[in-house]
Amino acid sequence: MSLKPTNIPLTVKEFEEELCGLCAGCGCSCGYILYTKDNSVIDLYGHPADKRGIGSLCTKGITYIQSTDTNPLRLRKAFFRKDQEYVEISYASAIDLAKEKLRGKKVAFLLDRSAGLEEYVLAKEITPFVFTDTVYLPFRSSTLLPQEWKDRKFILALEVEPVFSEVMSTRWIIDAVEKGAYLYVISSRYSTLNAKAKETYLMPPHQALLFLEKILQEDHTDKRIDFLKKSLQLIKESLVLVSASLMASPFKDRVIRFMRELRRRFKVEYAIVGDVMPFPSYSIKDLCESIDDFDALVVFGNPLRLLRDEHLEKLKDKFVLHFTLFPNFTSHHADLVLPMTNFTERDFINYRHGFGFLTYSPKVLDRQGYINPYDFLREVFGKDINLEEFLSHYGIDYQELKKSQEAKLKLPLLEEVHKEEKVEPLKDGIYLYTDNTLVEDLGHWHTWTHDMEKYQMAYLNERTAKKLKVEDKIFIRGHEFKVIITPNIADDVVFIPLSYEEYQPFHPGVSVGRFLKHPYYRFEVLQ
């Protein structure tokens, strides 16, 4: 697929250029057409020839492509922290400062989704300390592309809500349901998939795993399990969807073991839905445990909100360089803050998702004053990369990727990676669940997306509220949250959106590193 402008423009507005690209707001990589005049964005549409988005763009995609370009809150200058105050500095001064503070030092990288593949490969050339704010999985995270989900006849979804992660992939599940698929959903909160399911259960995660593991047992008396087992045995077109949030939890190894056994016994297809790292990296948990082993940190986006105060305190003794679109929580814990290019403003290879493919999008918008992270770091460290060689290890021809704009990664299947999982006993208790809603962290820097969810609140059902003896507010490790009592949350679960932090411009909230003991996990027992 190589997208070109349509023969007949989709907009009725006057324009000078029509430019095509692939969105990197999530892993769906939907195609779009951008219309510009006088170097300004006039209009934006999903590309009708794109086989993933099929002419649609989600709210996040529209925001990240169109609204970021003119957002008055966007960072446009480089700043250096001097005597606890931030002072504006030139590009040349930023380069000199970075060379002084980073060259010859033990440098670590912390990458979020705003870092493209070039930045990841360069980071691996520079240091072994490469961390990401998601989970690295050494196997193929999906056996099917999202558009192939529509042909499945039985779909078991565990804690999955693609509307809150890989938005446009939701349509393929809905298409499967409309074609007669039996959708069976188990989750901690009621969501789009629950509404479309033939059968749905709200359960806390530890109970859901205990329930599903009975599929692998012979001695049980649960008719629901008999139904699931027979469905998986008899329906060849079966698919198991698992949330990436479960990969970023204490349940990770248990879930992987369960999925491997399902594959072995029933030959089901599978997909992990959400932000997943397909290339070797360490987690934020690893970063916290090794924070004394490096001298400087290069960080992208806003992942420092996932660190506890004691780790942020240790970063004060290190040099922190931050690439960002907005002056967020991470910026306020950095020494050098740089206004980075958006994915629309540089060649960008999107790789952070569980679908097992890469997409290449060319530079669409030409914007001056922003810093291309790869160019900056290449100059600072005096290093370059061989992207062709790197991609060849994963069965991808780089030039063909640029031409066709997409390529499948060559990775082993889940059952082909032999690793003894450390399966720990499941703990009972009230689980604190923190995850994204439709509005991610970046969305709270845009007025119209922030308005979809203005305030950070704690959601729990009436039974859990009575058990915790709360009514209109709850205190979690010294922080107060307004309570919403709703039947849409499972028993023994308190859900709090993780996309808020203290430096957001509209109705700021509390970063998860402030109220979680283990903020790199999406589930933890509330004690």
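By convention here, the first residue in the shown sequence is residue 1. This one's a predicted model, so the numbers in the text were calculated from it and none came from an experiment.
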Donor-acceptor pair, Thr200 side chain versus Ala197 backbone, under 3.5 Å? no
Check: Arg522/Ser249 side-chain N/O donor and acceptor closer than 3.5 Å: no
Looking only at heavy atoms, what is the nearest atom pair of Gly21 and Val364, with distance? CA-CG2, 4.1 Å
Could you label the plane-to-plane angle of the Phe129 and Phe131 rings as parallel, tilted or perpendicular, counting under 30° as parallel and over 60° as perpendicular? parallel
Short side-chain donor-acceptor distance under 3.5 Å, Asp397 and Ser392: no
Under the rule for salt bridge (Lys or Arg N to Asp or Glu O under 4.0 Å), what residues qualify as partners of Glu440, not counting sequence neighbours? Lys60
Give a yes or no on whether a salt bridge exists between Arg254 and Glu213, defined as a side-chain N under 4.0 angstrom from a carboxylate O. yes
Expected output: side-chain Glu524 to main-chain Lys517 donor-acceptor under 3.5 Å: yes
Kindly assign one of parallel, tilted or perpendicular to the pair Phe139 and Tyr270, based on the angle between their ring planes and the thresholds 30° and 60°. perpendicular
Can you name the nearest heavy-atom pair linking Asp222 to Lys214, along with the distance? OD2-NZ, 4.3 Å
Listing request: all salt bridge (Lys or Arg N to Asp or Glu O under 4.0 Å) pairs with a residue in residues 128-146, at least two apart in sequence or in separate chains. Asp133-Arg352
Residues in ring-ring contact (aromatic ring centres under 6.0 Å, His included) contact with Phe495, at least two apart in sequence or another chain: Tyr433
Which atoms form the tightest heavy-atom contact between Pro412 and Val417, and what is the distance? CG-CG2, 3.7 Å
Are Phe294 and Phe109 close enough that their ring centres sit under 6.0 Å apart? no
Sidechain N-carboxylate O distance under 4.0 Å for Arg265, Glu261: yes
For Glu400 and Tyr398, does a side-chain donor sit closer than 3.5 Å to a side-chain acceptor? no
Between Glu501 and Asn302, do the side chains contain a donor N or O and an acceptor N or O under 3.5 Å apart? yes
Taking side-chain contact (heavy atoms from CB on, under 4.5 Å) as the definition, give me every residue that meets it alongside Leu442, ordered by chain and number, with sequence neighbours left out. Tyr64, Leu325, Phe326
Assess the side chains of Asn488 and Tyr459: does a donor N or O sit below 3.5 Å from an acceptor N or O? no
Taking every heavy atom of Ile54 against every heavy atom of Lys51, the minimum-distance pair comes out as CG1-O, 3.8 Å
Residue pairs passing the salt bridge (Lys or Arg N to Asp or Glu O under 4.0 Å) test with at least one member in residues 144-158, sequence neighbours excluded, are Asp151-Lys179
Which residues share a side-chain contact (heavy atoms from CB on, under 4.5 Å) with Thr359, sequence neighbours left out: Leu22, Ser29, Arg52, Asn350, Phe357, Glu406
Looking at residues at least two apart in the chain, or sitting in another chain, which of them share a side-chain contact (heavy atoms from CB on, under 4.5 Å) with Lys198? Tyr182
Test salt bridge (Lys or Arg N to Asp or Glu O under 4.0 Å) applied to Asp112 - qualifying residues, sequence neighbours left out: none
Where the side chain of Ser141 meets the backbone of Gly356, is there a donor-acceptor pair that is under 3.5 Å apart? no
Between Trp149 and Ala176, what is the shortest heavy-atom contact and its length? O-CB, 3.6 Å
If a pair satisfies side-chain hydrogen bond (donor to acceptor under 3.5 Å, both in side chains) and one of its residues is in residues 165-177, list it, with sequence neighbours excluded. Arg113-Glu166
Side chains of Glu159 and Ser187 only: does a donor on one sit below 3.5 Å from an acceptor on the other? no
What's the spacing between Glu125 CD and Ile385 CD1 if we round to 0.5 Å? 8.0 Å
Should Ser243 and Val273 count as side-chain neighbours, where that means a heavy-atom distance under 4.5 Å? no
May I have the step-by-step check of side-chain contact (heavy atoms from CB on, under 4.5 Å) for Leu438 and Met452, ending in yes or no? CA-CA 8 Å; Leu438 181 62; Met452 296 178 185; 3.9 Å; yes
Main-chain N/O of His518 paired to Arg308 side chain as donor or acceptor, under 3.5 Å: no
Minimum heavy-atom distance between Pro487 and Asn461, given as atom pair plus value: CA-CB, 4.4 Å
Around atom NZ of Lys229, are there more than 12 heavy atoms from other residues, nucleotides or ligands closer than 6.0 Å? yes
Just by modelled atom types, is the Asp492 backbone N or O under 3.5 Å from a matching donor or acceptor in the Thr464 side chain? yes
Can you confirm whether more than 12 heavy atoms, excluding those of Tyr282, are under 6.0 Å from its OH atom? no
Is a side-chain donor-acceptor pair under 3.5 Å present for His444 with Ser499? yes
With rounding to the nearest 0.5 Å, note down the distance linking CG in Asp275 to OG1 in Thr132. 8.0 Å
Quick check: do Asn328 and Trp445 have side-chain heavy atoms less than 4.5 Å from each other? yes
Got a sec, which residues hit salt bridge (Lys or Arg N to Asp or Glu O under 4.0 Å) with Lys383, two or more places apart in sequence or on another chain? none
Geometric class of the Phe390/Phe279 ring pair [parallel <30°, tilted 30-60°, perpendicular >60°]: perpendicular
Please report the C-alpha distance between Phe266 and Ile215 in whole Å, then the side-chain angles of each, then the deciding distance to 0.1 Å, and finally whether the side-chain contact (heavy atoms from CB on, under 4.5 Å) criterion is met. CA-CA 11 Å; Phe266 306 116; Ile215 297 173; 3.7 Å; yes
Anything under 3.5 Å between a donor and an acceptor, one on a side chain of residues 115-122, the other on a protein residue two or more places apart or in another chain? List them.
from   : atom 1 : to     : atom 2 : distance (Å)
Glu119 : OE1    : Gly116 : N      : 2.7
Glu119 : OE2    : Tyr374 : N      : 3.3
Tyr120 : OH     : Pro280 : O      : 2.6

If only atom types and distance count, is the side chain of Gln207 paired as donor or acceptor with the main-chain N or O of Pro204 below 3.5 Å? no
Do the side chains of Asp491 and Arg463 get close enough for a salt bridge, i.e. N-O under 4.0 angstrom? yes
Checking the side chain of His47 only, and the main-chain atoms of Lys4 only, is there a donor and an acceptor separated by less than 3.5 Å? yes
N/O donor-acceptor pair under 3.5 Å between Gln456 side chain and Val510 backbone: yes
Quickly, which of Arg260, Arg263, Arg257 forms a salt bridge (Lys or Arg N to Asp or Glu O under 4.0 Å) with Glu415? Name it, please. Arg263
Ser283: side-chain contact (heavy atoms from CB on, under 4.5 Å) partners, not counting sequence neighbours: Lys285, Asp286
Do Leu183 and Val185 have side-chain heavy atoms sitting under 4.5 Å apart? yes
Donor-acceptor under 3.5 Å (Asp50 side chain, Gly31 main chain): yes
How long is the gap from CD1 on Ile291 to CD on Glu310, to the nearest 0.5 Å? 9.5 Å
If the threshold is 4.0 Å, N to carboxylate O, is there a salt bridge linking Lys106 and Asp293? no
Is Thr192 reaching over with its side chain to a backbone N or O of Val163, donor-acceptor style, under 3.5 angstrom? no
To the nearest 0.5 Å, tell me how far Lys196 NZ sits from Leu193 CG. 10.5 Å
